[in-house]
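Remember, predicted model here, so these are calculated numbers, not experimental data.
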Amino acid sequence: MSIQTALISVSDKSGVVDFARALAQRGVRLLSTGGTARLLAEAGLEVTEVAAHTGSPEILDGRVKTLHPRIHGGLLARRDSDEHMRTLAEQDIPPIDLLVVNLYPFQQTIAKPDCVLADAIENIDIGGPAMLRSAAKNHGSPAGGVTVVIDPADYARVLAEMDGPQRRPSYGLRLELAAKVYAHTAAYDGAIAGYLGSLAAREPAPEATPEREDWPRTLTIQMRREQVLRYGENPHQQAAFYRDVQAPSGMLAGYRQIQGKELSYNNIADADAAWECVRAFQTPACVIVKHANPCGVALGADAHSAYRQAFRTDPTSAFGGIIAFNAPVDEAAAQAVSEQFVEVLLAPAYTGGALALLSAKKNVRVLEVPQGTGHNPYDVKRVGGGWLVQTPDSAPLGAGDVRVVTRQAPTEDQMRDLLFAWTVAQHVKSNAIVFAGQGMTLGVGAGQMSRIDSARIASIKAENAGLTLAGSAVASDAFFPFRDGLDVVADAGATCVIQPGGSIRDDEVIAAADERGIAMVYTGVRHFRH
């Protein structure tokens, strides 16, 4: 059964005129509504308004126009059911074989800073989702189900199969497009539920129990599969990479791979850790990550100088690591990176000379990630049978935000190093200790059960790299519960410390710092990272 009638009603008009013209050239009758109908008519196409097709005018300012038996009967009737087809004939309802619909731009509307509730409500589509669900439900009749299209990118595929041997879209394509519809309407409804749910949480009904914060009662997160991966963290695990359909600019998911082997599960996870750390700095910076932890971080005049300093922190761990820059990679930086074994390289841009050099390292995965200030709205962690959901760990800190708690106050240079170390510590697995000096990490201790062990490991790392900790700055992601941790970093050579504070033994730790002649500042902010 070939396509005889198509109903087209779209908010995204891209490519729709050419698609409709191609359908008309293949003998398809066109139905349409409102602005889409006017657009097609102005293009010289013969189109029947839905109101003329149903015999019922649009009412309620267009809120009701397609909710009619002549629309949904034409979409839902099974072509292999004699009873269904007899009913259509008795009611004079022509079958609708192709539905082309995309919805009012609700997500784009609520993303506008000046969006008010009335604007959001008017952009909740009713007739569109109803038609999409009717058509998608009826995609699979053996006699020829309905084809439903929501994405202009699928226009060419539908036309190609209409020109094929069967003269109609195959079952496989109809099934794929139907699944795409339900994923789309689920995301659409999830966005509406999330928006209204957050409003309801902020303004609960009088008889309701007030919710803490403005968390929606039901959270819907819609992901689109980008890539099936070779395996997961380990070869016996299966894995795939999904992208948040609402991902803001500046996030790793917006990467473009320029060269190299296919990304693995661990590549993507470590690349995200590196990118999130490096984009926290406002001046040219380089971050080298191994097993999700920064093993070298440095600032510089450009990408090349930043890399040279970051590599010095821990050359052993940097072998086979992930390297991220927040500044363009030039030929000098590319040459330096090429001298080492690197798995993934990330930067917002590359010069032509840099790409020419890197092309000799065909296995190196080179990613271009657009710069941006976007962040995930939520951080999530999977637990048995549920999710832990929190807002991102975003707490910008400046020199004016810290509190000096010791007799000795940090110098201006020390304060710069303290804030640098603090930024790095936020991206190191807890317990985290970071030694830094002159805009580079000197030793990083990560992921230990004891904060003292993290401090000792950081000292050992520095010693192994031939770096001195004399006069260094230290950041601790959480408070020192006892003075022993403070003594370890002081023994290693630190002269200033930044930490959250908040221990019941703060006085003891402050006294130890004063005894050792160390300047210490409190942030009042903790950066646990598990």
Would you please indicate yes or no on a ring centroid separation below 6.0 angstrom for Phe420 and Phe281? yes
With a 6.0 Å cut-off (strictly less than), is the heavy-atom count around CD of Gln237, excluding the residue itself, greater than 12? yes
Testing the 3.5 Å rule here: is there a donor-acceptor pair between the side chains of Ser317 and Lys461? yes
Report, as yes or no, whether the 6.0 Å neighbourhood of atom NZ on Lys137 holds more than 12 heavy atoms from other residues, nucleotides or ligands. no
Can you see whether Asp330 engages His304 through a side-chain donor-acceptor pair at a distance of less than 3.5 angstrom? no
Would you say Gln257 has more than 12 foreign heavy atoms packed within less than 6.0 Å of its CD? yes
Locate the shortest heavy-atom distance separating Val428 from Gly445; write the atom from each residue and the value. CG1-O, 4.0 Å
Between His530 and Phe528, does the ring centroid distance fall short of 6.0 Å? yes
Over 12 foreign heavy atoms within 6.0 Å of CD, Gln438: no
Look at the rings of Tyr188 and Phe106 and say which category their plane angle falls in: under 30° parallel, 30 to 60° tilted, over 60° perpendicular. perpendicular
side-chain hydrogen bond (donor to acceptor under 3.5 Å, both in side chains), paired with Asn102, selected from Ser14, Ser9, Ser11: Ser11
Could you tell me if Arg451 and Ser476 have a donor-acceptor pair between their side chains, going purely by distance under 3.5 Å? yes
Strictly below 4.0 Å, N to O, side chains only: are Asp154 and Arg174 in salt-bridge contact? no
Is the CZ atom of Arg225 crowded by more than 12 outside heavy atoms at less than 6.0 Å? no
